[in-house]
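Reviewing the structure listed below.
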Amino acid sequence: MSNSEPSVRPATRRCLATTSLAGCFGCHMALLDIDERLFELIERVDIDRSPLTDIKRCGRCDIGLVEGGICNAENVHVLREFRRQCKLLVAVGACAINGGLPAQRNHLDLGQCLQEVYLTGPGIVHGQVPDDPELPLPLDKVHPVHEVVRVDYFIPGCPPSGDALWKFITDLLDGRTPRLGHPLLHFD
Amino acid sequence: MDARSLSIDGLPVPFDDGQTIMDASLAAGIFIPHLCHHPQFTPQGSCKLCTVRANGRYVSACTMPASEGMEVESNTPELNDKRRTMLQMLFVEGNHFCPSCEKSGDCLLQALAYELEMLGPHFPQFYPDRPVDASHPDVLLDFNRCILCELCVRASRDVDGKSVFALSGRGIGKHLIVNAESGRLADTDFSLADKAAHVCPVGVIIAKRRGFAVPIGQRRFDGEPISRRVDWLARRRADDEEEQ
Ligand code: SF4
Ligand code: SF4
Ligand code: FES
């Protein structure tokens, strides 16, 4: 191989995975809010498991973005897979960080919740609590991601803005410590 | 008599007799994080967010009298780390779901979390069960967000002369109570005109039907971080909390 020509290697490509657990996909929508910067993103990263690619299993990745908290058994499995496969695991959004909206059920009894929603609530006839074995079992309480696995970074917001996500991701890709100052850092 | 002064992070700051470190810093426009302090009320030094090192010793800036030549360290990574940890403990002890909180953007707890770059709670969440009290026609009490700063207690007792609020219990069981046999706010003489209705630094004492009159994104600390609102913090009066 000749050394005479300067190599035009693209900057190292990184691999990114994303998932939505007990979330509303708002954080993923916010990621799409980076608009035309998506083109730059896919120049710089390969996207592995993600609702954007529909890949179902996560391979080795550099960055894993996790939206949503942990409300059922499947969430736990997916989260553990992400932790195993991703060098950096990032909790994205209010639900991943402190349980968010789904965790508002935490002071209620789960059995009573299911009863009311599926059996005794207004307008229900011949109700039945779903028990298909395909359905993941709900957890007694909703938990934030950091209570189940180690988390490397947090991006707060409900959802974080596209600008905040972009700042964070480009900081990481460029080798800077990610930092969200005012006004990108917000909890609402 | 010569003007007396201390230093905060190396800056000379004048003070008058009887002033605390916090008084002097607020007058000089220097930001020291604080939650339970309010310039209109006797300081009680309970939240410890204002912890500084004065001549090498940890003290609460809001209760420590200023003294000549005192060297105060405040904005240091070490102190800010400790403050961030205290904030994280306050967040996990209650239920702080900011996206649904009417105080979001105007909240001192949240603004300090932004200022000190608190990104996550670090500790496990307590998820305490604290039912709200919506009994009063004009005011909602959402105990989920109470940080036990006692500003409402002080305002109701010392300014309104009503003693509507008190803290009860000890340690982690400590909580805010309402002074009525039923425990309900509706059964007190509390009114929206009380000072105590306007001092809560977080989203516990909420005026009904105001909600999101100022949209999220246009609120006090959305525009500027709290460290740049020292003038507002210093001149705050219980009756003009609503003023931007
Ligand atoms: S009181 Fe402040 S920190 Fe708590 S939920 Fe409301 S805005 Fe957030
Ligand atoms: S209700 Fe508000 S003012 Fe009263 S103790 Fe709790 S946080 Fe402080
Ligand atoms: S502000 Fe000084 S202890 Fe709370």
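Letters A, B, ... are given to chains in the order of the sequence lines, protein chains preceding strands, and every chain is numbered from 1. Since we're looking at a predicted model, the values are computed, not measured.
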V142(A) portion near chain B, given a 4.5 angstrom heavy-atom threshold: backbone
More than 12 heavy atoms from other groups under 6.0 Å of CZ on F212(B): yes
For L119(B), the option from I155(A), L185(A), I97(A) that meets side-chain contact (heavy atoms from CB on, under 4.5 Å): L185(A)
Side chain to side chain contact (heavy atoms under 4.5 Å, CB included) partners of C15(A), counting only residues at least two apart: D48(A), C61(A), D62(A)
Residue part contacting chain A, namely of F91(B), when any heavy atom lies under 4.5 Å: side chain
Atom CZ of R80(A): over 12 foreign heavy atoms under 6.0 Å: no
Using a plain distance cut of 3.5 Å, could you tabulate donor-acceptor pairs between chain A and chain B?
from: N98(A); atom 1: O; to: Y127(B); atom 2: OH; distance (Å): 2.8
from: N98(A); atom 1: ND2; to: H96(B); atom 2: O; distance (Å): 3.3
from: H146(A); atom 1: NE2; to: F123(B); atom 2: O; distance (Å): 2.9
from: E147(A); atom 1: OE2; to: Q125(B); atom 2: N; distance (Å): 2.7
from: R179(A); atom 1: NE; to: E117(B); atom 2: OE1; distance (Å): 2.9
from: R179(A); atom 1: NE; to: E117(B); atom 2: OE2; distance (Å): 3.2
from: R179(A); atom 1: NH2; to: E117(B); atom 2: OE2; distance (Å): 2.5
from: H182(A); atom 1: NE2; to: D222(B); atom 2: O; distance (Å): 3.2
from: H182(A); atom 1: NE2; to: G223(B); atom 2: O; distance (Å): 3.2
from: F187(A); atom 1: N; to: Y114(B); atom 2: OH; distance (Å): 2.8
from: D188(A); atom 1: OD2; to: S104(B); atom 2: OG; distance (Å): 2.6

Atom OH of Y118(A): over 12 foreign heavy atoms under 6.0 Å: no
